[in-house]
Amino acid sequence: MAEARDERLGRAAEAERLRLLFRFFSAAHGAGRSPVYKTLSEGVAGDDNLLALLLDVPDQQRRPSLLFAAVNLLLASRRDSDLAAYYPIHGGHRAVDDQLVPAFSAFCGQHHDDLARLLSQRSTQTNEIRRCVALRIGIDHVQRHWPGPVALVEVGASAGLNLLFDRYDYRLDGEASCPAHASSVVVSCEVRCSSGTGILRTPPTITRRLGIDRHPIDLSDPDARAWLEAFIWPEQIEELATLRGAIDLASATAAASVVTGDAMTDTARILSELPGSEPVVVFTASLLSYLTGQARNAFIAQLQEAARRRPVAWVFAEAPGLLATTTLDVPALRGPLAQHNSRYLVGASLRDADQHHDQLLGLADPYLRWFAPVPDSSDDFQSIQTD
Ligand SMILES: C[S@@+](CC[C@H](N)C(=O)[O-])C[C@H]1O[C@@H](n2cnc3c(N)ncnc32)[C@H](O)[C@@H]1O
């Protein structure tokens with residue numbers, strides 16, 4: 001009896017945690033990005049039956065993005081449903097109104113078993129191509145220190161679409177940046193606190209492109225592609241086209257591959273197997289939130305081990321609070337900046353056998369919809385952290 005009561009209390013506490021998580025999701029991600037998800041996250045936070053959908057799945061699967069993706073996947077083949085009418089990516093035109101949450105709730109009820117299966121078996125899989133802006137800015141910084149060709153490895157690469165960053169066109173503040181490839185994939189980003197002109201330089205030659213992921217996405221598998229597309233938000237028609245363009249390009253060129261591996265245990269070994277002696281740029285974007293504090297530092301130790309053999313530059317786009325828990329040597333992270341986890345920091349950590357140099361390069365929205373370059377290397381981010 002005591003056990004049953006403890007279990008009930010445990011579930012109630014977990015439901016409260018999830019409620020807060022959905023409210024945070026609504027405030028941090030919905031605002032200005034997705035009126036549909038903003039309203040739905042508030043709706044889920046206020047509905048015990050909807051929250052219960054996540055209570056029966058493993059801890060690490062209890063994420064708002066996973067619930068919304070699972071529903072989105074099912075909606076893609078049910079475009080005549082009442083709920084799909086609110087999703088422009090599924091051809092819907094209906095504005096958010098007081099029937100949205102009831103339509104979501106009814107849809108979840110009708111497809112409860114399919115949802116439960118998806119939520120317990122699938123994990124978050126996104127590939128946010130706009131984060132290539134952070135990669136380009138990081139590689140420009142690396143070039144200033146180590147000019148010449150580099151190898152590129154992304155850890156937590158998902159489908160590996162960021163590895164083709166130099167095959168895409170970039171539009172900063174609406175202006176096309178050079179060189180232009182007339183690519184079907186256009187990456188757009190607003191530049192804040194500065195002008196977009198000249199912030200991207202011509203990328204160096206990339207000698208090889210390799211991704212590492214615990215669960216790589218096989219783009220030849222239609223189910224895997226559909227799951228990746230399910231993470232596109234309801235209003236993001238343009239992002240869906242960009243993602244599909246990048247998938248087609250990656251499938252057609254086969255220029256990059258993604259191997260199965262764990263950031264914490266496999267990074268140094270995989271880097272040691274790369275031929276050549278040119279510097280390796282290791283890119284991570286939105287990886288650290290998947291690692292425990294210990295695993296984050298184990299990953300950095302792996303980079304340091306690899307750097308004993310050849311120069312390694314870690315270019316990151318990650319949340320400040322998570323970076324602050326690592327051994328990175330960045331004084332600004334010891335201050336209030338570490339509280340701003342709804343922003344990402346873009347930076348680089350250059351390492352070789354003798355030394356390392358860590359530097360922040362700018363602040364960004366987690367999806368790189370905007371980027372604010374740091375004016376100079378001693379900047380403490382006081383001016384831009386609270387906007
Ligand atoms: C949010 S996605 C980001 C994907 C990509 N970096 C981007 O910005 O679009 C995080 C990725 O990290 C992978 N991942 C999580 N933990 C990992 C680990 N310990 N080692 C390697 N990859 C991991 C996940 O499988 C997922 O593909």
Side-chain angles (χ1 to χ4, degrees), residues 25 28-29 58-61 63-66 68-69 121-138 152-165 168 185 187 189 209-219 221 224-225 227-233 236 239-240 242-247 250 256-271 281-303 306 314-319 322 326 341 344-347 364-369 371:
F25 189 90
H29 301 296
D59 294 10
Q60 69 278 13
Q61 310 281 96
R63 291 168 178 259
S65 57
L66 200 65
F68 291 142
Q121 292 174 358
R122 302 289 185 102
S123 57
T124 307
Q125 277 297 13
T126 55
N127 213 165
E128 190 59 56
I129 296 153
R130 277 210 181 95
R131 294 189 181 128
C132 287
V133 172
L135 175 58
R136 275 196 67 170
I137 284 166
L152 173 62
V153 174
E154 183 178 5
V155 183
S158 185
L161 300 176
N162 292 340
L163 295 165
L164 298 179
F165 76 101
Y168 305 152
V185 185
V187 180
C189 175
R209 303 161 197 265
L210 183 69
I212 302 174
D213 201 285
R214 222 164 38 175
H215 304 293
I217 295 182
D218 173 6
L219 291 176
D221 174 356
R225 286 177 66 140
W227 183 236
L228 196 56
E229 288 183 9
F231 283 87
I232 296 289
W233 292 18
Q236 294 183 320
E239 278 83 352
L240 184 58
T242 304
L243 177 65
R244 287 181 175 160
I247 290 174
S257 53
V258 184
V259 296
T260 304
D262 193 294
M264 187 174 77
T265 49
D266 299 319
T267 304
R269 175 184 56 77
I270 294 172
L271 262 59
V281 171
V282 175
F283 181 50
T284 74
S286 221
L287 169 74
L288 295 190
S289 63
Y290 292 79
L291 308 183
T292 62
Q294 201 184 9
R296 283 172 217 142
N297 283 316
F299 167 63
I300 295 180
Q302 294 262 316
L303 296 177
W314 173 30
V315 171
F316 53 79
E318 302 283 355
L322 301 179
T326 70
N341 272 338
Y344 270 16
L345 278 173
V346 176
D365 152 77
Y367 308 96
L368 267 293
R369 285 177 306 170
F371 173 75

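The basis for the numbers below is simple: all heavy atoms, side chains too, and nothing from hydrogens, waters or symmetry mates. Note that ligands are numbered from 1 as they come in the structure, with each ligand's atoms numbered from 1 the same way.
Between the side chain of E229 and the main chain of L240, no donor-acceptor pair closer than 3.5 Å is present. In this structure, E239 contributes its side chain and R130 its backbone to no donor-acceptor pair below 3.5 Å. For the pair R214 (side chain) and A263 (backbone), a donor-acceptor distance under 3.5 Å is absent. For N127 (side chain) and S158 (main-chain N/O), no donor-acceptor pair under 3.5 Å exists by modelled atom type.
Here side-chain hydrogen bond (donor to acceptor under 3.5 Å, both in side chains) pairs that include residues 281-291, with residues two or more places apart or in two chains, are T284-W314, T284-E318, S286-Y344.
Classified by interplanar angle (parallel below 30°, tilted 30° to 60°, perpendicular above 60°), the ring pair F25/W233 is tilted.
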Are any protein N/O atoms closer than 3.5 Å to the N/O atoms of ligand 1? If there are, list each pair with names and the distance to one decimal place.
from: ligand 1; atom 1: 6 (N); to: E154; atom 2: OE2; distance (Å): 2.7
from: ligand 1; atom 1: 6 (N); to: G156; atom 2: O; distance (Å): 2.8
from: ligand 1; atom 1: 6 (N); to: A285; atom 2: O; distance (Å): 3.1
from: ligand 1; atom 1: 8 (O); to: R131; atom 2: NH1; distance (Å): 2.8
from: ligand 1; atom 1: 9 (O); to: N127; atom 2: ND2; distance (Å): 3.1
from: ligand 1; atom 1: 9 (O); to: E128; atom 2: N; distance (Å): 2.6
from: ligand 1; atom 1: 16 (N); to: R214; atom 2: NH2; distance (Å): 3.4
from: ligand 1; atom 1: 19 (N); to: D262; atom 2: OD1; distance (Å): 3.3
from: ligand 1; atom 1: 19 (N); to: D262; atom 2: OD2; distance (Å): 3.4
from: ligand 1; atom 1: 20 (N); to: A263; atom 2: N; distance (Å): 2.8
from: ligand 1; atom 1: 22 (N); to: R214; atom 2: N; distance (Å): 3.2
from: ligand 1; atom 1: 25 (O); to: D213; atom 2: OD1; distance (Å): 2.6
from: ligand 1; atom 1: 27 (O); to: Q125; atom 2: OE1; distance (Å): 2.9
from: ligand 1; atom 1: 27 (O); to: D213; atom 2: OD1; distance (Å): 3.4
from: ligand 1; atom 1: 27 (O); to: D213; atom 2: OD2; distance (Å): 2.7

